[in-house]
Amino acid sequence: MKKTLFTLLLCIHAFIFTVQAQEIAVIPKPAEMSVGEGEFSLKGKVVVCYPEVKDKGIKKVVDNFVEEIEATTGVKLKKSTPQKEKLENGVVTKYSRKADAHIVMCVDESMGDECYKLSVTPKRIDITAAKPAGFFYAFQTLKQLMPRNVMAGVPDAGVKEWKIPAVSIVDEPRFGWRGFMLDEGRHFYGKEEIKKIIDVMAAYKMNRFHWHLTEDQGWRIEIKKYPKLTEVGAWRDSKVCAWGDVKPDGIRYGGYYTRKDIKEVVEYAKERFVEIVPEVDIPGHSQAAVASYPEFLACDPENKHEVWLWQGVSGDVINVANPKAVQFAKDVIDELTEMFPFGYIHLGGDECPTGKWERNAECQALLKEIGSTNYRDLQINFYRQLKEHVAQKPACKQRKLIFWNEVLHGNTAPLGNDIAIMAWIGADNAAVDAAKRGMNTILSPQIPYYINRRQSKLETEPRSQGYGDETLERVYNYKPMNNVAAELQPKYMGVQANFWTEWVEEAEIVQYLMLPRLAAVAEAGWTPAEKRDYSSFLNRLQGEDEYYRLRGVNFCPHEFKGK
Ligand code: ACM
């Protein structure tokens with residue numbers, strides 16, 4: 001009896017394992033997917049049939065895809081257009097060209113910008129989308145259906161036949177905002193590392209790179225009107241950010257991005273449908289700026305100010321009552337607008353101590369003038385002027401402003417509600433508060449979406465914040481927009497993982513802590529809530545380690561079985 005039971009259990013286990021093993025390893029899981037019969041083989045004469053559209057963006061995305069496939073597989077593809085093929089009601093049905101297989105693109109303008117349909121059968125692949133982003137995401141899925149060197153963008157001479165399993169997918173994201181933030185104020189990694197992150201984000205269909213470029217410990221972006229921000233503010237006298245027993249090490253440390261660097265990264269991101277959201281965190285977390293221009297940014301210019309060597313929250317904030325400080329912020333916004341041709345600018349707003357304002361006569365007078373007794377309202381008054389400044393710009397230079405959720409601690413009425421709140425502390429409640437005020441909101445809960453925090457309790461883990469509780473499973477199982485009233489839901493733009501770098505000096509450690517947890521956040525942002533399932537995710541994740549290795553990014557190996 002015992003033996004029979006054991007055999008039965010073994011069979012059940014084998015069955016479950018087989019079913020899991022057959023799962024198509026697409027991350028994030030598509031909204032609708034069914035597996036077909038057989039597979040498409042990329043061999044012989046394969047014709048790529050371009051859609052008949054004026055949209056140069058679509059053509060460019062298809063060209064890039066063809067180029068990548070040729071470079072990574074060594075298979076030459078033939079390009080064609082519908083005019084050369086036989087059309088029936090606008091749909092390519094028969095092919096005048098003799099070919100072994102076809103990859104056919106079709107435009108359906110009724111679809112959403114990021115939606116796509118993908119059908120793979122043994123002799124034909126059909127891709128339908130409305131916009132370049134939809135085609136791009138269809139190609140990301142298609143590349144995930146192939147050996148991992150294809151997504152990694154490197155050739156693999158060892159693959160004998162390039163096969164793609166037959167599937168039918170209709171896909172669209174749950175949220176429009178699927179973000180990742182990197183803090184380069186504390187530690188600076190350089191543009192090649194940023195490109196790797198953008199690649200991995202794009203592989204997982206993430207579309208917002210929030211670049212935290214300024215901190216108490218460093219200002220990392222060239223601003224032409226204020227050269228001392230990078231001559232002084234980008235450098236400090238310690239590589240480590242000191243804390244407790246960890247003292248400043250005296251090593252001269254720093255770096256920043258020039259205009260040319262920014263342009264290069266912006267182009268790279270645009271090609272991958274990642275919008276960059278630059279953040280200058282003002283008026284708090286601004287000691288590096290204050291050290292650069294104490295004469296008009298400091299509340300106490302008579303005292304010494306230096307780029308901070310320590311971790312924590314500096315009290316050395318910008319004097320928001322000084323008109324020159326307000327002009328400074330407007331000028332910085334103007335240059336950010338020139339450098340980043342995207343929709344959003346983040347002005348920070350977190351953890352801004354008011355002590356220096358409380359002791360400053362100009363700030364005391366301004367608080368009276370605006371009729372408040374809450375010093376947080378000085379911060380709101382500062383932002384109000386910046387928002388009005390942006391509102392005066394021509395349409396092509398309009399940007400939406402984003403703030404961390406502490407801004408809700410003041411009277412936000414002067415700011416209006418056409419701003420977005422990034423909810424991190426008490427995130428779920430803060431997001432509801434923002435939505436009730438009519439503001440848009442993005443969920444980036446500190447626990448568990450701060451993926452710089454330790455992901456395991458092992459002693460061998462790299463030094464970072466937390467106690468090892470933010471495991472891959474815990475990150476995956478966070479439920480965004482859970483139990484939110486239906487009328488507030490349209491205010492929820494999406495989700496974002498954040499990475500703070502106080503303890504993380506090297507890019508390899510950023511990657512180790514970030515991966516694979518970023519993939520879990522990507523799935524929360526894309527996949528319908530009812531289709532998310534951790535065991536399925538973990539199963540589909542197996543093999544991603546190969547992609548990471550081939551792309552040259554480090555990762556945490558704990559959840560990869562048998563490695
Ligand atoms: C934050 O974590 N201070 C936004």
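By convention here, the first residue in the shown sequence is residue 1. Whatever order the structure lists them in is the order used to number ligands and atoms, beginning at 1. Keep in mind that what you see is a predicted model, and the values were worked out from it rather than measured.
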Checklist entry - Do W526 and Y137 have ring centres separated by under 6.0 Å? => result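 So the answer is yes for these two rings.
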Name every donor-acceptor pair, under 3.5 Å, that has one atom in a side chain of residues 486-493 and the other anywhere in the protein, sequence neighbours excluded.
residue	atom	partner	partner atom	Å
Q489	NE2	V484	O	2.8
K491	NZ	G438	O	3.3
Y492	OH	V432	N	3.4

Checklist entry - What residues sit with at least one heavy atom under 4.0 Å from ligand 1? => result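 The answer is D350, E351, W404, W424, Y450, W500, counting any residue whose heavy atom sits under 4.0 Å from ligand 1.
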Checklist entry - Do side-chain atoms of S286 reach the backbone of D281 as a donor and acceptor pair under 3.5 angstrom? => result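 Yes, S286 side chain to D281 backbone: donor-acceptor pair under 3.5 Å.
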Checklist entry - So, W211 and E184: side-chain donor and acceptor under 3.5 Å apart, yes or no? => result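 Yes, side-chain donor-acceptor contact under 3.5 Å.
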Pairs under 3.5 angstrom only: tabulate donor-acceptor contacts from the side chains of residues 222-229 to other protein residues two or more places apart or in another chain.
residue	atom	partner	partner atom	Å
E222	OE1	R259	N	2.9
K225	NZ	D331	OD2	3.4
Y226	OH	D331	OD2	2.6

Checklist entry - For K196, which residues count as a salt bridge (charged side-chain N to carboxylate O under 4.0 Å, His left out) partner, sequence neighbours excluded? => result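 By the salt bridge (charged side-chain N to carboxylate O under 4.0 Å, His left out) rule, K196 matches E193.
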